[in-house]
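Here the structure comes first, spelled out in structure tokens, and everything after it is commentary.
Quick caveat, the model's predicted, so the values are computed rather than measured.
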Amino acid sequence: MTLDTIDVAGLDIPTRLPDLRRDLHVFVDYVAHREVKRAHRDNSLSKADARRLAKLMSEPDATDDVEGYGWSNWLVFVDHLALELGFVRYDTTGEYAGYTSQSPSFPDNYIEVLAQPYEKYRALAPAKQETFLLEKLLKRTQGGGSEFFSTSVLGRLESFTSWGSALGVVPTIDFTAVRRFLLQRLAECPVGQWLSTASLIADLKKNHRYFLIPAKPTFAKKSESERGRYGNFHEGKEWWGHEINIHDDDPDAFERVEGRYVERFLEGIPLLLRYVDVAYLPDCPKPVYPSLGCLKAFRTSELLGHALRGQIPVPRITVTPNFDVYVESEVYPAAVLSQLHPLCETVSEDKAIVLKLQKQSVAAACAARADLDPAAVLRKLTGGELPANVARELSAWSEHGEKFVLYNDCAVLESDQDVPAADPFTVERLGSAVRIVHSPEKLFAELERRELMPLRIRHAAESFSPLPKSANTRFPKAADQRKARPARKTSVVLTRVTRVQLVCPDPEFLDKFHRILAENKCPVELDRQNLTLSYLKQYESGVSDAIRQLKAEYQVEIKDTA
């Protein structure tokens with residue numbers, strides 16, 4: 001297919017476009033970690049949740065839209081699509097509060113994440129994820145909900161009035177097949193070149209005149225056939241006017257109907273999935289509505305061909321010696337990022353996503369999962385070995401991942417036999433006779449009610465209170481503490497340990513010095529933030545050997561500070 005190229009200087013090219021694939025995952029992740037209750041009356045997202053979600057979305061105007069109007073078109077679109085894809089579930093039918101109710105209500109309607117289908121989708125290869133998403137969008141709207149009668153969430157062009165769209169030729173059109181056909185035609189265009197929309201429409205008119213509406217469509221009623229192929233489409237002098245009919249024998253009928261559809265299709269699925277870029281007239285003349293010829297140009301991306309052929313490559317991950325992680329992917333790599341986010345913080349999200357490995361994040365992730373091996377995770381993602389300094393640091397950071405659990409409003413319950421009354425209050429069992437329980441006031445009252453003779457000990461903030469001498473317990477008693485007092489002074493030997501600290505001039509020298517020490521198996525403590533290496537006096541000779549190796553490249557001088 002040969003189309004005319006076009007100069008887009010002076011045209012309006014949308015560039016601040018949101019990432020649908022990313023925002024779908026952001027939406028599901030948000031819902032998975034909160035109880036999101038929908039509005040009682042109209043089943044929309046609450047204003048509080050809409051505000052928080054809008055800040056997380058990649059759509060630049062979402063936050064302002066929520067603040068100004070109470071909702072965002074983009075957020076509503078992502079919300080509904082997540083439901084249709086089967087990632088979440090909530091009531092869409094509602095119930096009528098009484099005989100006089102004119103519309104349904106939605107009491108206690110919480111969004112539930114369907115973990116199994118969502119995780120199954122996220123585990124798919126990028127090409128299969130894209131096919132699943134594309135198929136859903138191709139089949140999503142038919143008839144009166146098609147591009148003819150509704151504006152795309154990213155679109156600017158007015159639609160035809162839906163007056164009479166349930167009759168005539170529109171219900172007979174297979175819009176899924178039409179969209180698939182047009183995507184195939186777009187995939188035949190040269191990638192990266194700005195092409196004239198008018199020439200695309202002219203090519204379709206010449207070679208595929210009936211790609212949208214058959215030459216002799218089948219009508220349900222004879223009265224509908226009298227209106228002709230274009231009986232559903234009307235122009236008007238106002239936005240929703242429909243006083244001007246389009247006839248089959250009008251010489252420009254194809255441009256006025258099929259041509260308008262092509263323009264609106266381009267700013268629909270192809271723009272939404274970033275298969276194309278589009279360029280508009282900055283001030284489109286509108287003698288009639290809906291507008292015609294305002295989307296002047298388009299250019300296709302490599303992603304379109306890769307998606308249709310099922311050839312989207314897997315993400316490419318690179319870890320650099322300065323602890324940066326680069327993720328290069330044609331589509332949003334949710335599965336990869338779910339493994340990296342616990343270990344890193346995000347630096348930027350563009351064509352390549354950049355993250356930074358963080359000591360605190362690695363330690364916290366290892367504390368949460370005792371079996372986690374951060375270096376092994378990164379090796380599997382990159383498909384190769386990590387920089388030596390990164391591997392060493394990850395090993396050191398992982399050792400900081402000790403797990404501490406803080407129990408709030410809890411107490412320790414000790415008993416000489418099993419106490420079934422405490423089962424509803426039990427948080428964790430520490431043995432056959434010791435457990436951690438919540439709501440100790442209520443539990444104590446319940447034990448007294450059952451005449452189990454509980455003894456309650458309150459500890460001071462600065463120390464534990466000893467238990468009475470008569471108590472049957474495994475914990476220390478007051479008498480035990482008195483017995484434990486030493487009768488005489490105990491001799492103590494203090495050992496003096498001398499540590500030496502060297503301050504390096506820059507991170508590059510620090511890394512080289514540390515690497516040589518590690519290769520020589522000389523134990524040192526590294527502080528990258530302060531550029532220091534600390535070691536015990538007994539390892540002085542090993543450090544001296546490392547400095548001698550460095551003198552082959554540097555003129556090293558050691559100065560003592562007071």
Side-chain angles (χ1 to χ4, degrees), residues 28-37 88-89 108 110-116 118-119 338-339 341-343 358-374 376-377 394-486 490:
V28 174
D29 182 70
Y30 177 90
V31 173
H33 291 89
R34 292 170 177 80
E35 286 192 342
V36 180
K37 184 179 180 181
V88 299
R89 175 171 58 197
D108 298 323
Y110 289 90
I111 305 179
E112 175 189 357
V113 172
L114 300 178
Q116 185 173 355
Y118 175 65
E119 291 302 330
S338 68
Q339 299 177 70
H341 279 152
L343 310 175
Q358 295 291 330
K359 178 179 179 179
Q360 296 85 348
S361 299
V362 172
C366 290
R369 281 184 51 195
D371 61 337
L372 179 64
D373 184 347
V377 170
L394 285 174
S395 177
W397 295 348
S398 300
E399 295 174 0
H400 291 277
E402 299 180 12
K403 185 174 182 180
F404 295 89
V405 180
L406 177 64
Y407 295 100
N408 190 31
D409 190 28
C410 290
V412 176
L413 174 66
E414 182 186 18
S415 59
D416 56 0
Q417 59 184 355
D418 192 29
V419 183
D423 289 346
F425 299 87
T426 300
V427 175
E428 187 171 343
R429 289 181 178 269
L430 304 179
S432 59
V434 179
R435 61 177 87 187
I436 295 175
V437 294
H438 67 80
S439 306
E441 299 279 356
K442 293 182 181 179
L443 174 58
F444 188 78
E446 177 64 19
L447 296 176
E448 281 193 323
R449 189 183 69 79
R450 299 193 182 198
E451 300 180 351
L452 293 177
M453 301 180 65
L455 171 65
R456 187 173 187 184
I457 303 296
R458 296 182 183 273
H459 298 287
E462 63 278 358
S463 64
F464 291 105
S465 300
L467 278 69
K469 181 179 179 181
S470 59
N472 182 17
T473 177
R474 65 187 66 189
F475 295 107
K477 303 178 185 178
D480 296 335
Q481 289 191 347
R482 286 193 295 272
K483 292 178 184 177
R485 289 175 183 170
T490 303

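Counting all heavy atoms, side chain and backbone alike, Pro342 lies closest to Ala365 at O-CB, 3.8 Å. Scanning all heavy atoms of the two residues, the minimum distance from Ser398 to Val362 falls at OG-CG1, 4.1 Å. In terms of heavy atoms, Val88 sits closest to Leu114 at O-CD1, 3.9 Å. When all heavy atoms are compared, the tightest approach of Tyr110 to Lys37 is CE2-CB, 3.5 Å.
With sequence neighbours excluded, no residue forms a side-chain hydrogen bond (donor to acceptor under 3.5 Å, both in side chains) with Gln339. With sequence neighbours left out, the side-chain hydrogen bond (donor to acceptor under 3.5 Å, both in side chains) criterion links Glu446 to Arg449, Arg450. Looking at residues two or more places apart in sequence or on another chain, you find no ring pair (Phe, Tyr, Trp, His ring centres under 6.0 Å) involving His341. Remark: Glu441 engages Arg456 in a side-chain hydrogen bond (donor to acceptor under 3.5 Å, both in side chains) (not counting sequence neighbours). In this structure, the side-chain hydrogen bond (donor to acceptor under 3.5 Å, both in side chains) partners of Glu119, at least two apart in sequence or on a different chain, are Arg122. For the ring pair (Phe, Tyr, Trp, His ring centres under 6.0 Å) test, residues two or more places apart in sequence or in another chain that qualify with Phe425 are His438.
Taking CG from Asp29 and OH from Tyr118, the interatomic distance works out to 7.0 Å, rounded to the nearest 0.5 Å. Between the OG1 atom of Thr426 and the CG atom of Leu443 there is a distance of 8.0 Å, given to the nearest 0.5 Å. Rounding to the nearest 0.5 Å places SG of Cys366 at 7.5 Å from CG of Leu343.
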(request) Starting from the C-alpha separation in whole Å, work towards a yes-or-no answer on side-chain contact (heavy atoms from CB on, under 4.5 Å) for Asp423 and Arg429. (result) CA-CA 10 Å; Asp423 289 346; Arg429 289 181 178 269; 3.2 Å; yes

(message) Determine whether Leu455 and Glu414 satisfy the following criterion, side-chain contact (heavy atoms from CB on, under 4.5 Å), listing intermediate values before the conclusion.
(response) CA-CA 10 Å; Leu455 171 65; Glu414 182 186 18; over 6 Å; no

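Of the residues listed (Val437, Val434, Ile457), the one engaging Val412 in a side chain to side chain contact (heavy atoms under 4.5 Å, CB included) is Val434, and it is the only one.
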